[in-house]
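Just so it is clear, the model here is predicted, and its values are computed rather than measured. Computation of the quantities below employed the complete heavy-atom set of this structure, encompassing side-chain atoms and omitting hydrogens, waters and symmetry-equivalent molecules. One-based numbering, in listed order, for ligands and for the atoms of each.
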Amino acid sequence: MTYQGVIDRYCHHIELPPNSARITLLEGNTPLIPMPHLGRQLGCDLYVKFEGLNPTGSFKDRGMTVAVSEAAGRKVSSVICASTGNTAASAAAPAARAGLRAIVLIPEGKVASGKLAGAIAYGAEVIQVQGSFDAALSLVLEITQKKPIALVNSINPFRLEGQKTAAFEICDEFGKAPDWLCLPVGNAGNITSYWLGFRQYDRGNPRLLGVQAEGAAPLVLGHPVDSPETIATAIRIGKPARGEQALEAVRESRGKIISVSDREILEAQKILAAEGVWVEPASSAGLAGLVAQIQGGSSEYRNCRVVVVCTGHGMKDPSVITDRFVAKVIPAEYEALRSLLI
Ligand code: F0G
């Protein structure tokens with residue numbers, strides 16, 4: 001099999017200027033993992049679209065291959081983004097391949113270690129901002145309006161062009177769209193892209209269940225959140241750039257935007273790991289939302305085909321697991337091991 005990135009695989013469905021470069025790490029083509037055991041418990045035909053298996057460990061790679069290819073094609077020398085971590089690593093990797101300077105602005109002290117390490121390893125200039133993601137994004141918007149630096153946050157329409165390929169893949173796998181798509185919502189680029197993708201591909205549309213963290217739920221509350229807070233740092237966002245579009249997508253799909261607590265997010269992370277799928281906390285929000293809906297008495301998911309999108313790998317945020325774990329220690333003696341185990 002010849003591996004292809006999303007631009008080559010879906011070239012007839014992606015808008016990209018003809019002079020664009022082709023910068024790819026063969027992103028996309030992520031597995032749609034059946035979850036029969038959990039599905040039986042929840043009363044639906046359940047699958048996980050595991051986007052954590054993209055080259056830098058998150059779904060952002062799909063959009064970034066397109067945005068960086070476009071930027072490199074028009075000969076900019078630098079790309080910049082604000083990020084809670086995944087966008088930063090995802091921008092830095094293709095930028096390194098294209099020989100571009102990557103500048104990433106992150107909220108000080110609020111980025112999980114696996115993401116920070118990725119951005120540094122790929123050679124990005126990492127700048128910590130004393131404020132939230134929203135403050136970092138404002139700075140990025142201002143400097144890209146004044147200086148010739150390409151903005152690669154999902155405000156950039158080329159990000160959506162790449163991101164929507166996840167919807168195409170799901171339709172290709174099933175032959176049609178699922179009944180429901182459940183996914184976390186932060187800056188709202190992903191949910192907007194999925195909706196764009198499903199509508200464009202014309203294989204039916206799922207209903208969308210967008211899930212925010214309770215402490216960072218501007219789209220549920222109906223107003224921006226000044227100091228967003230959640231253990232799911234990836235979606236610690238109070239003023240989503242594509243919030244309006246996300247709400248429209250949810251309305252058009254006859255779906256919902258709901259919020260879940262950090263406790264529910266961590267519980268969903270555990271449930272997924274118990275099925276062999278380890279994702280970072282934000283990535284389990286989709287499942288947490290589905291569980292909350294079903295436990296709250298909703299029958300709308302019963303016997304439906306449901307896809308839960310898991311956006312980032314668990315290794316992105318190892319300390320959320322290890323900080324809550326104390327390993328047993330024994331002397332290096334057989335008797336100590338035997339008496340511990342038996
Ligand atoms: N899940 C993960 C793991 C994320 O990193 C993000 C966003 C989301 C979900 C939400 O997606 O913003 O399109 O609604 N992360 C961005 C970042 C903000 O900077 O990496 P969204």
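In this structure, Pro184 counts as a contact residue of ligand 1, since one of its heavy atoms falls inside 4.0 Å of the ligand. A heavy-atom separation below 4.0 Å is not found between Ile191 and ligand 1. The shortest separation from a heavy atom of Ile237 to ligand 1 is under 4.0 Å, placing the residue in contact.
In this view, Lys316 satisfies the salt bridge (charged side-chain N to carboxylate O under 4.0 Å, His left out) rule with no residue, not counting sequence neighbours.
Below 4.0 Å from some heavy atom of Thr84 lie the following atoms of ligand 1, by number and element: 15 (N), 16 (C), 17 (C), 18 (C), 19 (O), 20 (O). For ligand 1 and Ser283, the ligand atoms under 4.0 Å from any heavy atom of the residue are 3 (C). Within ligand 1, the atoms closer than 4.0 Å to a non-hydrogen atom of Phe59 are 1 (N), 2 (C), 4 (C), 6 (C), 8 (C), 9 (C), 11 (O), numbered from 1 in the order shown. Residue contact check: Thr87 has heavy atoms under 4.0 Å from atoms 16 (C), 17 (C), 19 (O), 20 (O) of ligand 1.
If you look at Lys316 next to ligand 1, there are no close heavy atoms at all, none under 4.0 Å. In Ile235, the part holding a heavy atom less than 4.0 Å from any atom of ligand 1 is the side chain. Under 4.0 Å from ligand 1, the heavy atoms of Lys60 that appear belong solely to its side chain.
Checking Thr30 against Arg62 by side-chain atom types alone, a donor-acceptor pair falls below 3.5 Å. A side-chain donor-acceptor contact under 3.5 Å links Lys256 and Gln293.
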Could you pull out all donor-acceptor pairs under 3.5 Å where a side-chain atom in residues 212-227 meets a protein atom, sequence neighbours excluded?
from	atom 1	to	atom 2	distance (Å)
Gln212	OE1	Leu219	N	2.9
Gln212	NE2	Val185	O	3.4

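Relative ring orientation between Phe168 and Tyr201 is described as parallel, the plane-to-plane angle staying below 30° on a 0-90° scale split at 30° and 60°.
Val306 and Ile191 are members of different hydrophobic clusters when ILVMFWY side chains are connected at heavy-atom separations under 4.5 Å.
Where the criterion is an N or O separation shorter than 3.5 Å, residue side chain and backbone included, Lys115 fails it with respect to ligand 1. When only interatomic distances are considered, the shortest N/O to N/O separation between Asn187 and ligand 1 falls below 3.5 Å. Some N or O of Asn86 is nearer than 3.5 Å to an N or O of ligand 1, by distance alone.
Considering each of Asp317, Leu183, Thr311, the one bringing a non-hydrogen atom nearest atom 9 (C) of ligand 1 is Thr311.
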I would like to know whether Asp179 and Arg305 meet salt bridge (Lys or Arg N to Asp or Glu O under 4.0 Å); could you show each step before the answer? CA-CA 5 Å; Asp179 299 312; Arg305 177 173 278 171; over 6 Å; no

